[in-house]
Structure formats: structure tokens, C-alpha cells
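Taking it in order: structure first as C-alpha cells, then the write-up.
Naming convention: chains lettered A, B, ... in sequence-line order (proteins, then strands); numbering from 1 in each chain.
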Amino acid sequence: MAEIAAPRGTKDILPAESTAWRWVLETHRRVAESFGYRPIETPIFESTELFARAVGADTDIVEKQMFTFEDRGGRSLSMRPESTAGVTRAVVGARLDQEIRPVRVHYAGPMFRAERPQAGRQHQFTQLGIECIGERSPALDVEIVECAWRFFGELRLTGLHLQVNSLGDADDRGHYRAALVAYYTPFRSRLCDDCKRRLESNPLRLLDCKKDADLVEAAPMIQESLSAHSTRFFDDVQAGLTAARIPAEVNPRLVRGLDYYADTVFEVWHEHLQGAQNALGGGGRYDGLAELLGLPATPGTGYALGVERILIVARQLGLAPAPEASSDVLVCSVEPAQIDGAAAAARGLRASGARVVLDVSDRRLDRKLRAADRLGARAAVIVGEQEVAAESAVVRDLVARSQQTVPNAELGEAVERILR
RNA sequence: GUGGCCAUAGCUCAGCUGGUUAGAGUGCCAGGUUGUGGCCCUGGAGGUCGCGGGUUCGAAUCCCGCUGGCCACCCCA
């Protein structure tokens with residue numbers, strides 16, 4: 001029989017890695033909640049239309065990276081490739097912004113993109129992020145960047161680079177797109193194949209090209225196309241970031257792939273990550289998104305960060321915590337005959353809150369104690385023939401290498417003394 | 001989606017230009033201890049050599065296809 005493996009582009013998070021995962025997720029939850037963000041969960045699949053309208057029908061993500069399927073009624077559904085669209089649908093759909101504005105939510109969960117997997121890029125990956133919905137203010141853009149930055153600071157990640165830019169509103173971007181097309185069209189024949197394609201599909205992406213760097217150098221800047229109010233808004237964001245002492249660098253050529261972005265965008269990347277997978281995350285403002293979804297116009301801003309990539313960097317820097325011991329106490333019998341007595345002792349100890357493993361093997365006692373070491377247990381409780389007869393147990397301190405025989409009634413106390 | 005490299009025990013890997021029953025380290029199990037651990041000694045189990053086809057007297061080794069991983073593009077987390 002052929003062995004069934006995990007699907008291409010997916011990874012299991014095995015117990016040995018769960019400590020590091022919990023560290024990242026818990027740290028983010030703590031930081032986000034310190035800014036007053038509350039947890040939210042939305043479905044991992046949504047109607048395909050949601051992403052087509054929010055992310056953009058002619059973006060790579062929607063065109064070729066979504067896992068799309070039909071339900072039994074023939075409706076087209078897609079595994080979520082990102083979560084801002086779903087969270088906006090949920091928050092504005094429930095009219096939460098009519099109660100407390102802005103609505104601050106944080107989340108963590110799986111996202112899906114059908115791109116060719118490689119290190120730091122999977123079909124199923126995990127993002128954590130926050131969204132702040134219902135108010136348009138440069139101070140809120142500063143807030144989300146500050147939250148992301150504090151999160152990385154709590155993890156003690158170094159070697160990070162933070163870049164910000166403004167894309168203006170939809171009109172500004174339209175003008176800018178036209179300006180770019182006008183600038184590039186005369187050079188059409190000398191453009192690389194990718195850029196020829198970009199010129200048609202997504203002119204903003206022309207700025208990402210490394211081959212035609214000389215053209216990018218002289219290309220018009222988005223700043224020149226920004227309206228007065230967008231310029232002012234971005235100035236305020238920059239001033240706020242400076243006041244918060246966040247080392248953000250303005251990159252006039254930073255663009256983000258999703259259609260819903262407007263005004264502020266930012267990206268965090270790491271110098272240690274290989275080539276194209278160096279982005280740890282990013283975000284920005286999406287004031288037009290709710291309207292695209294047919295909902296009341298509602299401004300919003302937020303970010304998403306890639307957990308797997310954060311862990312790659314954290315491991316490289318030696319920051320990821322080692323797996324922690326899974327138990328405090330190992331309880332075993334000397335011989336199989338005393339297993340019931342050992343089980344009773346374990347039951348009592350668990351009731352008092354300790355993490356207790358019952359060794360049910362028929363191995364020799366020395367192997368059982370060896371197992372206790374491997375589990376990281378600090379105490380062992382041993383029940384043999386004599387102990388059963390005397391209604392007692394041997395309580396051994398595995399660190400101090402000392403032990404005593406105690407009556408069953410005092411077992412909990414004796415173990416607690418060792419664990420304390 | 002395009003191109004390149006790779007795939008041998010649970011893990012890390014060796015196996016030269018095709019040639020007897022495919023190895024090491026580590027991990028696992030057992031013995032060394034008639035009821036006491038992290039070290040040590042001895043032994044054992046464990047491999048459809050990723051899968052399928054082909055060439056050959058003979059394939060882990062050469063060829064083709066598939067699957068998966070990694071890397072570079074594309075793009076992004």
C-alpha cells in the first residue's frame with residue numbers, strides 16, 4: 001500500500017515545534033490586545049466573488065493562486081488567500097462599527113495560495129494580523145505599524161527593515177497608472193517579457209522589475225500624482241512614525257499587489273531571508289474596500305504577517321524557544337502487577353494540577369526512569385509490591401537524586417515539594 | 001506557471017566508473033542490575049534504495065515519466 005503523505009505545499013506542526021509556534025502566536029495576541037484589539041475568526045473559505053472584488057480580478061492571487069471549488073449548489077467558493085477581505089465583510093457586514101468605532105480586531109489562521117512551494121512559501125501558510133475598521137486617521141496607520149513593530153520587538157527579531165509609501169486614493173492611482181503607461185510605452189520594444197506583460201495587466205508592478213532598473217530609476221514617482229489631501233495624510237503618517245520612534249524608511253517605489261490598498265502601505269522584510277521570500281509581512285490602508293464588497297463605505301487599515309517566515313528568521317537568530325518538557329511527574333509500577341496502584345497515584349496527582357504521565361510499559365524499572373528523564377519530568381513516583389501492601393509510594397526527586405517513601409495520603413504534598 | 005539541483009533505516013548521511021545477503025552514526029528495543037535514571041558495554045529490530053516503466057545476464061547506481069523537496073524566476077506571507 002502506498003503511504004499517504006501530507007499534500008504538496010502543506011506542513012504538519014508537530015509537538016516539537018508547537019512551543020515556538022505558541023510563542024509567536026501568544027506574543028502577537030498579547031501585543032495586539034495591549035492596543036485594545038479583540039480576537040476574530042472568519043471562515044477559511046468565502047465566496048470567490050469576495051476575493052475577485054476585494055483583491056482584484058486581474059491580480060496574480062485571484063487569477064492563478066486560489067484554490068477554488070464549487071459547493072453542491074454550484075456556487076463558486078475559494079479558500080481564503082488573505083484575510084482582510086473576509087474580516088471586512090464580517091465586521092462591516094455585522095455593522096460592528098455602529099457600536100464602537102473604530103473596530104479593532106486581531107486574528108491568526110491559515111491562508112491558501114496555489115503557488116509553487118519552496119522554503120517560506122507553502123500552499124497552506126499561517127498569517128496573523130490586525131484590522132482597524134471604521135475610521136480614517138493617519139494616527140491609526142501609525143498605530144498598526146507601531147503594533148507590528150512592537151510585536152517584532154517583543155520577539156527580539158533583529159535585521160528588520162520597515163518601508164512605507166503612499167499609493168494615494170483610487171483616482172490618484174488611476175492617474176499614476178496612466179502616467180506610468182505613458183512613460184513606458186515608447187520603450188515597449190526594449191522591455192523584458194515580464195514588463196511587457198505588466199504594462200498590460202498591472203503597470204504598478206513595473207516598478208518591481210530588476211532587469212529594467214534604469215527605466216525604473218527615471219520613472220515618474222507616485223508622489224507626483226498624489227492629491228493634496230493624500231499628500232497631507234502621508235505627511236501626517238510620517239510625522240507620527242517619527243514621533244513614535246519607528247525607523248520607517250520611505251520607499252517611493254513600494255507598491256502592494258492587492259487592489260484594495262489606498263494611501264498608506266508598508267512592508268517589513270528581513271535581510272537573512274533568501275531572495276524573493278524576504279517579506280515577513282505588510283499592510284496598509286483600504287478605505288475603498290467595504291464599498292467594493294457592496295457594503296456601506298467604511299475606511300480601514302491593517303496588516304498581515306507570515307508566521308512560518310517569522311519562525312525561519314527566529315530560528316536563524318536562535319530566538320525560538322526550545323520544546324518544553326511535557327510532564328512534571330512520571331508514575332510507574334515496579335512490576336505489571338502494581339499498575340492499578342500506579343494509576344491511582346497518577347489520578348490523585350493530576351487532580352492537584354501536575355502534569356502526570358503514567359508509564360504502562362512492562363520495561364525494567366531503570367528504563368522507566370530513563371524515560372522519565374527524556375520526558376523532562378522532575379519527579380518520579382514508584383509503586384512496587386511493598387508500597388501497595390503499605391498503601392504508600394516512593395517519591396523520587398529526579399534532580400536531587402533523593403527519595404522517600406510516603407503514605408498515599410501525603411503523595412500530593414511530597415510531589416509538590418519537589419516541583420516547587 | 002518556467003528553468004535547475006535533489007530523493008538510500010525514525011533522523012543525519014556513506015555507497016567510487018552498474019557486479020554477491022545495501023552500510024555508518026544517532027534514535028528505538030533488549031541484556032549487562034531478583035526494585036532505581038541521564039554515562040558505558042553487548043546484542044537486536046528496522047530499508048518496496050520516493051513511485052512507475054525501460055536498457056542490461058545483472059540497476060540504489062544508466063534512461064524516461066510521475067510525485068515530493070530545495071533553489072532561481074514570477075509573485076508574495
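- For A:A119, whose side chain is taken as the heavy atoms from C-beta onward, the closest listed nucleotide among B:C71, B:A77, B:U33 is B:C71.
- Side-chain atoms of A:E387 and base atoms of B:G35 include a donor and an acceptor less than 3.5 Å apart.
- A donor atom on one side chain and an acceptor atom on the other are not found under 3.5 Å apart for A:E416 and A:S352.
- Classification of the A:H123-A:F67 ring pair by plane angle, with boundaries at 30° and 60°, yields perpendicular.
- Nucleic acid contact for A:G376: none, since no nucleic acid atom lies under 4.0 Å from a heavy atom of the residue.
- More than 12 heavy atoms of other residues, nucleotides or ligands sit less than 6.0 Å from atom CD of A:E33.
- Listed nucleotides B:A30, B:G37, B:G1 differ in distance to A:E115; the shortest reach to its side chain belongs to B:G1.
- Other residues, nucleotides and ligands place no more than 12 heavy atoms under 6.0 Å from the NE2 atom of A:H175.
- Within the structure, a side-chain polar atom (N or O) of A:R364 is placed less than 4.0 Å from OP1 or OP2 of B:G31.
- Separating the C1' atom of B:C40 from that of B:A9 is a span of 25 Å, rounded to the nearest Å.
- Look at A:R8 and you'll find a side-chain N or O under 4.0 angstrom from OP1 or OP2 of B:G68.
- Of the possible polar contacts, one joining the A:S166 side chain to the A:G168 backbone as a donor-acceptor pair under 3.5 Å is found.
- Candidate nucleotides B:A72, B:G69, B:G35 were compared by shortest atom distance to the side chain of A:Q386, and B:G35 ranks first.
- If you measure from atom CD of A:E385 to atom P of B:U34, you get 16 Å, rounded to the nearest angstrom.
- For B:C74, its base sits under 3.5 Å from the side chain of A:R121 at one donor and acceptor pair at least.
- Using a 4.0 Å heavy-atom distance criterion, A:E82 is classed as making no nucleic acid contact.
- Look at the C1' atom in both B:A7 and B:G47: the space between them is 14 Å, to the nearest Å.
- Judged by closest nucleotide on RNA chain B, A:E335 is the one of A:H123 and A:E335 placed further toward the 5' end.
- Note: CG (A:D373) to P (B:G38) measures 7 Å, nearest angstrom.
- Of the P atoms belonging to B:U8 and B:C16, the separation is 15 Å, rounded to the nearest Å.
- Side-chain contact check for A:V268 versus A:F152: some heavy-atom pair is nearer than 4.5 Å.
- Looking only at side-chain heavy atoms (C-beta outward), A:H270 and A:L317 come within less than 4.5 Å of each other.
- Taking the centre and axis of the six-membered ring of A:Y37, the NZ or CZ atom of A:R29 falls outside the cone set by 45° and 6.0 Å.
- More than 12 heavy-atom neighbours from other residues, nucleotides or ligands sit within 6.0 angstrom of CZ on A:R350.
- Salt bridge absent: A:R417 and A:D397 never bring a charged side-chain N and a carboxylate O closer than 4.0 Å.
- There is a side-chain donor-acceptor pair under 3.5 Å between A:E131 and A:Y286.
- For B:C29 and B:G65, the C1' atoms lie 41 Å apart once the distance is rounded to whole Å.
- We find that NZ of A:K368 is positioned 16 Å from P of B:G38, with the value rounded to whole Å.
- Spacing of C1' atoms, B:A59 relative to B:C51, comes out at 16 Å, to the nearest Å.
- Out of B:C29, B:G38, B:C70, the shortest distance to the side chain of A:R363 is found at B:C29.
- Side-chain to base pairing of A:R113 with B:C75: no donor and acceptor N or O lie closer than 3.5 Å to each other.
- Contacts of A:I61 with the nucleic acid, taken as non-hydrogen atoms under 4.0 Å apart, are absent.
- The separation of B:G44 from B:G25, taken at their P atoms, amounts to 13 Å, rounded to a whole angstrom.
- The P atoms of B:C11 and B:C49 are separated by 16 Å, rounded to the nearest whole Å.
- Protein atom CG of A:L160 is 16 Å distant from nucleotide atom P of B:A77, rounded to whole Å.
- Ring to ring, A:F45 and A:F69 are close: their centroids are under 6.0 angstrom apart.
- Scanning RNA chain B for stems, defined as runs of 3 or more consecutive Watson-Crick or G-U wobble pairs whose donor-acceptor distances all fall under 3.5 Å, gives the following ranges: B:1-7 with B:67-73, B:10-13 with B:23-26, B:28-32 with B:40-44, B:50-54 with B:62-66.
- Between A:S76 and A:T68, the shortest heavy-atom distance links the atoms OG-CG2, 3.4 Å.
- No donor-acceptor contact under 3.5 Å links the side chain of A:R374 to the base of B:G27.
- For A:I312 and B:C71, the CD1 to C1' distance is 14 Å, given to the nearest whole Å.
- Toward the 5' end of RNA chain B, the nearer of the two residues A:A400 and A:E267, judged by each one's closest nucleotide, is A:A400.
- Side-chain contact of A:E82 with A:Y260: a donor-acceptor pair under 3.5 Å is present, judged by distance alone.
- Within 4.0 Å of A:Q124, counting heavy atoms only, lies no atom of the nucleic acid at all.
- Contacts between residues 413-420 of chain A and RNA chain B, defined by a heavy-atom separation below 4.0 Å, involve no residue at all.
- Note on A:E308: nothing from the nucleic acid sits closer than 4.0 angstrom, heavy atoms only.
- Note: CZ (A:R370) to P (B:G32) measures 12 Å, nearest angstrom.
- Contact annotation: A:R116 side-chain N/O to B:C71 OP1/OP2 distance is not under 4.0 Å.
- In this structure, the nucleotide among B:U36, B:C29, B:C75 sitting nearest to the side chain of A:L365 is B:U36.
- Summarising the geometry, the separation between CZ on A:R309 and C1' on B:C75 is reported as 10 Å, rounded to the nearest angstrom.
- For the OP1/OP2 pair of B:A72 and a distance below 4.0 Å, the side-chain nitrogens and oxygens of A:Q118 include at least one atom meeting the criterion.
- If you measure from atom CZ of A:R401 to atom P of B:C39, you get 11 Å, rounded to the nearest angstrom.
- Atom P of B:U56 sits at a distance of 16 Å from the matching atom of B:U61, rounded to the whole Å.
- Residues from residues 390-399 of chain A that place a heavy atom under 4.0 Å from any atom of RNA chain B, listed by number: A:V394, A:R396, A:D397, A:L398.
- Of all the heavy atoms in A:E135 and A:R285, the pair that sits closest is O-NH1, 3.6 Å.
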